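Notes follow the structure.
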Amino acid sequence: MKAIVVSDPGGPEALVPSQRPDPRPGPGQVVVDVAASGVNFIDVYHRTGRYPMPTPFTPGLEGAGTVAAVGSDVDSFGVGDRVAWAQVPGSYAARVVAPAAALAPVPDGVASADAAAVMLQGMTAHYLSTSTHGIQEGDVAVVHAAAGGVGLLLTQMIKRLGGKVLATVSTPAKAELARGAGADEVYDYADFPQGVKEFTGGAGAHVIYDGVGLSTFEAGLASLRPRGMMALFGQSSGAVPPMDPQVLSSGGSLFLTRPTLAHYIANPAEFAARAADIFGWIAAGQLSVHIGGTYPLDAAADAHRDLEGRRTTGKLLLTP
């Protein structure tokens with residue numbers, strides 16, 4: 001089968017199209033013909049070695065497709081079922097083998113491409129807005145990179161819960177996308193601290209959802225109200241350096257968390273509930289999915305270049 005292989009960590013050129021043996025399901029496993037694989041910043045971190053992986057490896061964690069074979073002890077899925085996943089290594093491939101427990105059924109009314117586009121980023125937006133800091137009516141939330149894959153979904157979910165969204169973007173085109181998702185105000189990164197101050201009358205935001213990291217972190221802490229929360233869920237601009245916890249006290253008894261999706265879907269019931277919510281909203285027309293680009297699997301390097309170059313909006317997909 002066709003797959004992308006990384007033998008030596010590095011730039012996008014490290015993503016090499018290759019031929020690999022077709023996978024076979026073991027007990028409790030399912031083999032899936034991949035319809036689309038999601039491209040995420042964590043894939044970049046794996047490729048560069050920021051998050052080390054044993055080499056050689058096939059990157060990618062997210063996707064959707066059709067069950068091609070099931071192993072023993074699998075009674076939750078059958079051949080021909082459509083499924084999606086958020087945490088299955090090796091997803092930049094024509095086929096993946098996955099634990100059945102890591103798969104969510106894709107209902108009628110949800111396209112496979114949309115399912116692939118929302119599993120990792122959609123469930124990230126879901127846990128951030130419902131669990132990390134559960135949005136309450138009237139909460140003011142800053143969403144950084146609001147025109148990205150997580151940002152567009154997170155903005156919509158915050159609005160569903162009755163919150164106010166102050167979005168940051170880098171271009172006018174991205175500003176329009178953020179407004180279309182429901183953002184109450186949209187700012188350039190350099191202007192968001194003043195924007196938060198003016199919007200809240202100096203009180204500050206209840207929560208900042210920050211997937212950018214280094215370039216936005218300090219200004220974000222300074223833009224929170226007392227007992228506000230900084231949810232630092234990514235680092236697309238670089239890692240935040242170590243800090244003195246006293247900063248949180250002097251800022252107003254602030255909360256700081258560095259969440260990751262795996263800990264919010266470790267329980268199978270929680271994983272199933274989050275997926276069911278998201279797919280239900282899509283099928284009902286209550287959650288819009290913006291696919292910003294679809295690339296052939298062989299062009300995975302181009303997808304990474306565009307993602308890292310901040311030339312993208314919404315979700316990027318690879319198709320075998």
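The structure displayed is predicted, hence computed values, not measured ones.
- Here the CD1 atom belonging to Ile265 is positioned 13.5 Å from the CH2 atom belonging to Trp85, to the nearest 0.5 angstrom.
- Using modelled atom types and a 3.5 Å distance limit, the side chains of Thr200 and Arg225 yield no donor-acceptor pair.
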Run Leu307 and His304 through side-chain contact (heavy atoms from CB on, under 4.5 Å) and show every step you take. CA-CA 5 Å; Leu307 182 64; His304 276 223; 5.6 Å; no
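- Contact between Leu152 and Leu177 at its shortest, heavy atoms only, is CD2-O, 3.6 Å.
- Atom CD of Glu13 has more than 12 heavy atoms from other residues, nucleotides or ligands within 6.0 Å.
- Of the possible polar contacts, none joining the Thr58 side chain to the Tyr92 backbone as a donor-acceptor pair under 3.5 Å is found.
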Full working for side-chain contact (heavy atoms from CB on, under 4.5 Å) between Arg274 and Ser131: CA-CA 11 Å; Arg274 295 192 193 283; Ser131 300; 3.0 Å; yes
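- Atom NZ of Lys197 has 12 or fewer heavy atoms from other residues, nucleotides or ligands within 6.0 Å.
- Side-chain N/O atoms of Thr216 and Asp210 include a donor and acceptor closer than 3.5 Å.
- Around CZ of Arg227, the count of heavy atoms belonging to other residues, nucleotides or ligands within 6.0 Å does not exceed 12.
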Can Ile282 and Val118 be said to form a side-chain contact (heavy atoms from CB on, under 4.5 Å), step by step? CA-CA 10 Å; Ile282 294 171; Val118 298; 3.9 Å; yes
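- Counting heavy-atom neighbours within 6.0 Å of Arg24 CZ, excluding the residue itself, gives a total of 12 or less.
- Here Tyr127 and His263 keep their ring centres 6.0 angstrom or further from each other.
- In this structure, His144 and Tyr189 approach most closely via the heavy-atom pair ND1-CE2, 4.1 Å.
- A donor-acceptor contact under 3.5 angstrom links the side chains of His126 and Asp277, judged on distance only.
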